[in-house]
Trainee: 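Below is a structure I'd like to ask you about.
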Amino acid sequence: MIRRRSGDKPGRWRWLIGGCALLLGMVRGAAADLPEAAVWEALRGGGHVIVMRHALAPGTGDPAEFQVDDCATQRNLSEAGREQARRIGERLRAHGIDAARVYSSQWCRCLDTARLLRLGEVVPLPALNSFFRDRSTAAAQTAAVRAFLGAEAGEGLLVLVTHQVNITALTGVYPASGEMVVLRSQGDGLTVVGRLP
């Protein structure tokens, strides 16, 4: 409960609360949040980016002995996650998307997800690496991804396979495993067109 201090005008708190609610609504409404059919249509039209969270990989974060070049030390896709990634690739092809420029975090669960999509050669991109364990690199990595998208987004489809923390920092969206967030890159800005669960 909000208590008024003596001397506060009665309408001041209502104005403040109403203003905050309006601002929150504007932030939520910043995404186009198109219906799923319209998102697929936008993707087929070109010039869009899919930022995808890796498929199902049980657990959280990575083991203490994690090494980026040794999958045995990492949290990896389960068989259900491998099947999920294959199904996502099939779903993309069913919607007329059978090729893309594909970039991935260097983490094995992302590389495996990207390869199982079967959309094209997968290129590791360190800016997409997880900063779950070390948040001090979040701002620099997010800026690097924005710069990359500013330079690379355009004709054709660009697919980035990365981690929840990276996607949330870039878009404000908290994606589920295997979820795709569709973006439109416009100059220095990114617009969330919609989400494909």
Side-chain angles (χ1 to χ4, degrees), residues 28-60 71 74-125 127-130 145-146 148-186 189-197:
R28 286 191 193 120
D33 200 19
L34 296 175
E36 188 171 318
V39 176
W40 286 114
E41 186 63 32
L43 281 173
R44 285 189 294 272
H48 287 78
V49 178
I50 291 175
V51 182
M52 178 183 173
R53 183 178 178 185
H54 61 77
L56 292 166
T60 303
C71 294
Q74 300 183 31
R75 180 166 64 93
N76 294 298
L77 297 183
S78 63
E79 190 48 49
R82 298 179 73 73
E83 180 58 28
Q84 181 187 36
R86 284 189 284 268
R87 282 194 326 266
I88 292 167
E90 290 167 6
R91 185 176 179 208
L92 287 162
R93 282 184 287 285
H95 284 278
I97 298 163
D98 57 5
R101 293 174 291 149
V102 184
Y103 293 85
S104 173
S105 158
Q106 293 174 297
W107 270 230
C108 295
R109 58 186 174 270
C110 291
L111 288 167
D112 289 343
T113 298
R115 290 176 183 133
L116 289 165
L117 295 174
R118 294 186 5 241
L119 294 175
E121 178 187 356
V122 176
V123 179
L125 184 65
L128 296 173
N129 290 351
S130 177
V145 171
R146 283 184 177 278
F148 174 80
L149 291 176
E152 293 294 322
E155 294 304 312
L157 178 62
L158 191 60
V159 175
L160 309 181
V161 181
T162 186
H163 308 265
Q164 174 270 309
V165 289
N166 301 66
I167 295 170
T168 302
L170 183 67
T171 67
V173 173
Y174 191 106
S177 295
E179 185 171 1
M180 297 178 281
V181 180
V182 179
L183 308 176
R184 178 100 178 145
S185 180
Q186 299 168 310
L190 294 173
T191 302
V192 175
V193 174
R195 299 167 67 170
L196 297 170

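Throughout, residue positions are numbered sequentially from 1 according to the sequence presented.
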Trainee: Counting C-beta onward and ignoring hydrogens, is there a side-chain heavy-atom pair between Leu170 and Leu183 closer than 4.5 Å?
Mentor: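 Yes, close enough: below the 4.5 Å cut-off.
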Trainee: Are Glu152 and Leu158 side-chain neighbours, meaning at least one heavy-atom pair lies under 4.5 Å?
Mentor: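 SC-SC contact between Glu152 and Leu158 confirmed.
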Trainee: Would you give the length of the straight line joining atom CZ of Arg82 to atom CG of Asp112, rounded to the nearest 0.5 angstrom?
Mentor: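 Going from the CZ atom of Arg82 to the CG atom of Asp112 covers 5.0 Å.
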Trainee: Can you give me the closest heavy-atom contact between Thr171 and Val173, atom names plus distance?
Mentor: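 What the structure gives for the nearest pair is OG1-N, 3.0 Å.
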Trainee: Got a donor-acceptor contact below 3.5 angstrom from the His48 side chain to the Gly46 backbone?
Mentor: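 Yes: the side chain of His48 pairs with the backbone of Gly46.
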Trainee: Backbone N or O of Cys71 within a donor-acceptor pair of the Asn76 side chain at under 3.5 Å?
Mentor: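 Answer holds: yes.
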Trainee: Using side-chain heavy atoms (C-beta onward) and a distance below 4.5 Å, is Val192 in contact with Val181?
Mentor: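 When only atoms from C-beta onward are counted, Val181 and Val192 do touch, with a gap below 4.5 Å.
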Trainee: Hey, are the side chains of Ile50 and Leu92 touching, using non-hydrogen atoms and a 4.5 Å cut-off?
Mentor: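 Yes, their side chains come closer than 4.5 Å.
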Trainee: Looking at side-chain heavy atoms only, is the closest gap between Leu160 and Asn166 below 4.5 Å?
Mentor: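 Leu160 vs Asn166: side chains apart.
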Trainee: Is there a donor-acceptor contact under 3.5 Å from the side chain of Thr162 to the main chain of Leu128?
Mentor: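 Yes.
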Trainee: Please round to the nearest 0.5 Å and tell me the distance separating atom CD1 of Ile88 and atom CZ of Arg93.
Mentor: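 These two atoms lie 11.0 Å from each other.
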Trainee: Which atoms form the tightest heavy-atom contact between Leu111 and Gln106, and what is the distance?
Mentor: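 Answer, listing the atom of Leu111 first, then Gln106: CD1-O, 3.4 Å.
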Trainee: Mind checking side-chain contact (heavy atoms from CB on, under 4.5 Å) for Ala57 and listing every partner two or more places apart, or none if nothing turns up?
Mentor: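 Once residues adjacent in sequence are excluded, the partners of Ala57 under the side-chain contact (heavy atoms from CB on, under 4.5 Å) criterion are His54, Arg75, Leu77, Arg109.
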Trainee: Is the shortest heavy-atom distance from the side chain of Thr113 to the side chain of Ser104 under 4.5 Å?
Mentor: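 With C-beta onward as the side chain, the pair stays apart.
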Trainee: Any carboxylate oxygen within less than 4.0 angstrom of a Lys/Arg side-chain nitrogen, looking at Glu83 and Arg86?
Mentor: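 Judged by the 4.0 Å cut-off on N to carboxylate O distance, Glu83 and Arg86 do form a salt bridge.
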Trainee: Looking at every non-hydrogen atom in both residues, tell me the closest pair between Glu179 and Tyr174 and how far apart they are.
Mentor: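 That would be OE1-O, 4.4 Å.
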Trainee: Quick one: list whatever passes side chain to side chain donor-acceptor pair (under 3.5 Å) with Ser105, sequence neighbours left out.
Mentor: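 With neighbours one apart ignored, the set is Asn129, His163.
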Trainee: Which pairs with one or both residues in residues 36-46 pass side-chain hydrogen bond (donor to acceptor under 3.5 Å, both in side chains), sequence neighbours excluded?
Mentor: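 Pairs touching residues 36-46 that pass the test: Glu36-Trp40, Glu36-Arg91, Glu41-Arg44.
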Trainee: Measure across Ala85 and Leu117 and return the closest heavy-atom pair with its distance rounded to 0.1 Å.
Mentor: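 Between these two residues, the closest heavy atoms are O-CD2, 3.5 Å.
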Trainee: Would the number of heavy atoms belonging to other residues, nucleotides or ligands and lying under 6.0 Å from CD of Glu79 be above 12?
Mentor: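 Check passes, neighbour count above 12.
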Trainee: Check whether Gln84 reaches the backbone of Ala55 with its side chain - one donor and one acceptor, N or O, closer than 3.5 Å.
Mentor: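 Judged by distance alone, no pair lies under 3.5 Å.
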Trainee: Closest approach of Arg195 and Pro175, non-hydrogen atoms and distance?
Mentor: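 Minimum heavy-atom separation between Arg195 and Pro175: NH2-CA, 4.2 Å.
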Trainee: For a quick test of reading the model, state the closest non-hydrogen atom pair linking Ala153 to Val49 and the distance between them.
Mentor: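 Smallest interatomic distance, heavy atoms only, reads CB-CG2, 3.9 Å.
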Trainee: With a cut-off of 6.0 Å (strictly less than), are more than 12 heavy atoms of other residues, nucleotides or ligands near CZ of Arg101?
Mentor: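 Yes, the 6.0 Å shell around CZ holds more than 12 heavy atoms from other groups.
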